[in-house]
Amino acid sequence: MNARHQPGLLTRLADGFEHTGFAVLLLVAGLAKGAVPRHPRRALGRLFEQLHVHLVKSLLVVSVVGAFMGMILALQTGEELRRYGAEGQLASIVAASMAREMGPFIAAIILSATVGAAIAAELGTMRVSEEIDALELMNIDPVGFLVAPRIQALGLAAVLLTVLVNVIGVIGGAVVAKAQYGISYLDFFEGARNALAGPWLLGVLSKDLYSGLTKAFVFGLIIGALSCAAGLRAKGGALGVGRAVRSSVVAAVVATLVVGYVITWIFWVVLA
């Protein structure tokens, strides 16, 4: 493509703001219509169908990445702690890091690259093939029928996958701690449990856990909204669908990092 035909910086910025605004409106509309569906039983069925698809697609890769992230974290941190003879703190650091930050971010990045991309491709194909226009002609609301269950399912899937990442990450860290530093599994898991103890929310979750799970839920909603928005705005045939997939992944990853910082600041600075 000739350089003079490429969109300028201001045009790209304007398109980015327009896409962000559309995604925010889509998120609000999807949550509203998902909370009060016209046909509750059908809506619940679509929600569980999407949740099943999202979890099945992500379980294996999330498990592998979570295990190795916990092992890498334990290895890197353990080497530094060994210099000061503080290997006993390894379990606390691994558990807190996974629960607060690593677990939600790993789940969000994987969902962005797998499920989010698939949603953008699916809805983008429906848009360019005029299937969404056909739904509107049949008086079927695309937001309630297509968007709401996907956004809700991604929010729930992100929370469940974060729990899985946290558990597997701590187990991976325990394996490295035992092999490299001679820390028994019992001592490691006891240290991890103590690190995640209190202050509690409703006597169930510690702040490390509920802050991370809140972050994961918000990440899931954002990924769902951005992916659906990219798919619904696709145009230009197969090439347009490819652009929608790419933009959805990029936008979801960037939004995850930015919103993650804001949520961390709120929980650990404002509400400290």
Side-chain angles (χ1 to χ4, degrees), residues 51 54-115 154-220 223 256-257 260-261 263-264 267-268 272:
L51 184 60
H54 298 340
L55 287 176
V56 168
K57 284 184 177 180
S58 308
L59 278 178
L60 178 60
V61 63
V62 163
S63 300
V64 173
V65 174
F68 278 95
M69 285 304 301
M71 294 167 69
I72 292 170
L73 182 61
L75 185 62
Q76 293 281 11
T77 307
E79 289 301 314
E80 294 300 318
L81 293 176
R82 176 183 277 176
R83 299 181 182 182
Y84 306 99
E87 295 94 329
Q89 299 299 317
L90 182 58
S92 301
I93 295 174
V94 171
S97 299
M98 293 299 300
R100 293 184 188 182
E101 300 294 337
M102 300 300 294
F105 275 110
I106 290 172
I109 296 301
I110 292 175
L111 284 175
S112 300
T114 55
V115 178
L154 263 174
L156 295 175
V159 173
L160 295 176
L161 290 176
T162 297
V163 173
L164 177 64
V165 171
N166 290 343
V167 172
I168 293 182
V170 171
I171 293 174
V175 172
V176 171
K178 173 68 174 177
Q180 295 293 126
Y181 309 109
I183 301 174
S184 69
Y185 292 120
L186 181 62
D187 290 340
F188 188 91
F189 290 128
E190 181 67 19
R193 187 187 68 83
N194 292 334
L196 300 179
W200 299 90
L201 175 66
L202 302 177
V204 178
L205 298 175
S206 69
K207 187 175 182 179
D208 294 298
L209 292 172
Y210 70 71
S211 64
L213 295 180
T214 301
K215 192 178 297 183
F217 182 67
V218 174
F219 289 166
I223 295 167
T256 294
L257 294 173
Y261 173 82
I263 296 176
T264 299
F267 271 108
W268 298 101

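The shortest non-hydrogen separation linking Leu90 to Ala74 is CD1-O, 3.6 Å. Pairing each heavy atom of Thr256 with each of Ala108, the nearest pair is CG2-CB, 3.8 Å. Nearest approach of Ile223 to Ser112, heavy atoms of both residues: CD1-OG, 3.3 Å. In terms of heavy atoms, Gln180 sits closest to Arg82 at O-NH2, 3.0 Å. The heavy-atom pair separating Leu161 from Val62 by the smallest distance is O-CG1, 4.0 Å. Here the closest heavy-atom approach between residue Gly103 and residue Asn166 is recorded as CA-OD1, 3.4 Å.
Proximity of Trp268 to Asp208: side-chain heavy atoms (C-beta onward) are separated by under 4.5 Å at one or more points. Side chains of His54 and Leu154 form a contact here, defined as non-hydrogen atoms less than 4.5 Å apart. By the 4.5 Å heavy-atom criterion applied to side chains, Phe217 and Thr162 are not counted as neighbours. You'll find the side chain of Ser58 reaches within 4.5 Å of the side chain of Val115, heavy atoms only.
To the nearest 0.5 Å, the span separating CZ on Arg100 from NZ on Lys207 amounts to 8.0 Å. Here Leu55 contributes atom CG and Leu51 contributes atom CG; the two are 4.5 Å apart, rounded to the nearest 0.5 Å. Between Ser63 atom OG and Leu164 atom CG the span is 4.5 Å, to the nearest 0.5 Å. Atom-to-atom distance recorded for Asn194:CG and Ser206:OG is 11.5 Å, nearest 0.5 angstrom. Note: Leu75 CG to Ile72 CD1 = 8.5 Å, rounded to the nearest 0.5 Å. Rounding to the nearest 0.5 angstrom, the gap separating the NZ atom in Lys178 from the CG atom in Leu186 is 10.5 Å.
Not a single donor-acceptor pair under 3.5 Å links the side chain of Asp187 to the backbone N or O of Ile183.
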Task: Check against side-chain contact (heavy atoms from CB on, under 4.5 Å), Ile168 and Met69 - done: CA-CA 9 Å; Ile168 293 182; Met69 285 304 301; over 6 Å; no

Open item on the list: Does Val176 form a side-chain contact (heavy atoms from CB on, under 4.5 Å) with Phe188? I'd like the steps, not just the answer.
Closed with: CA-CA 10 Å; Val176 171; Phe188 188 91; over 6 Å; no

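Counting only residues at least two apart or on different chains, the ring pair (Phe, Tyr, Trp, His ring centres under 6.0 Å) pairs with a member in residues 65-114 are Phe105-Phe219.
There is a side-chain donor-acceptor pair under 3.5 Å between Glu79 and Tyr181.
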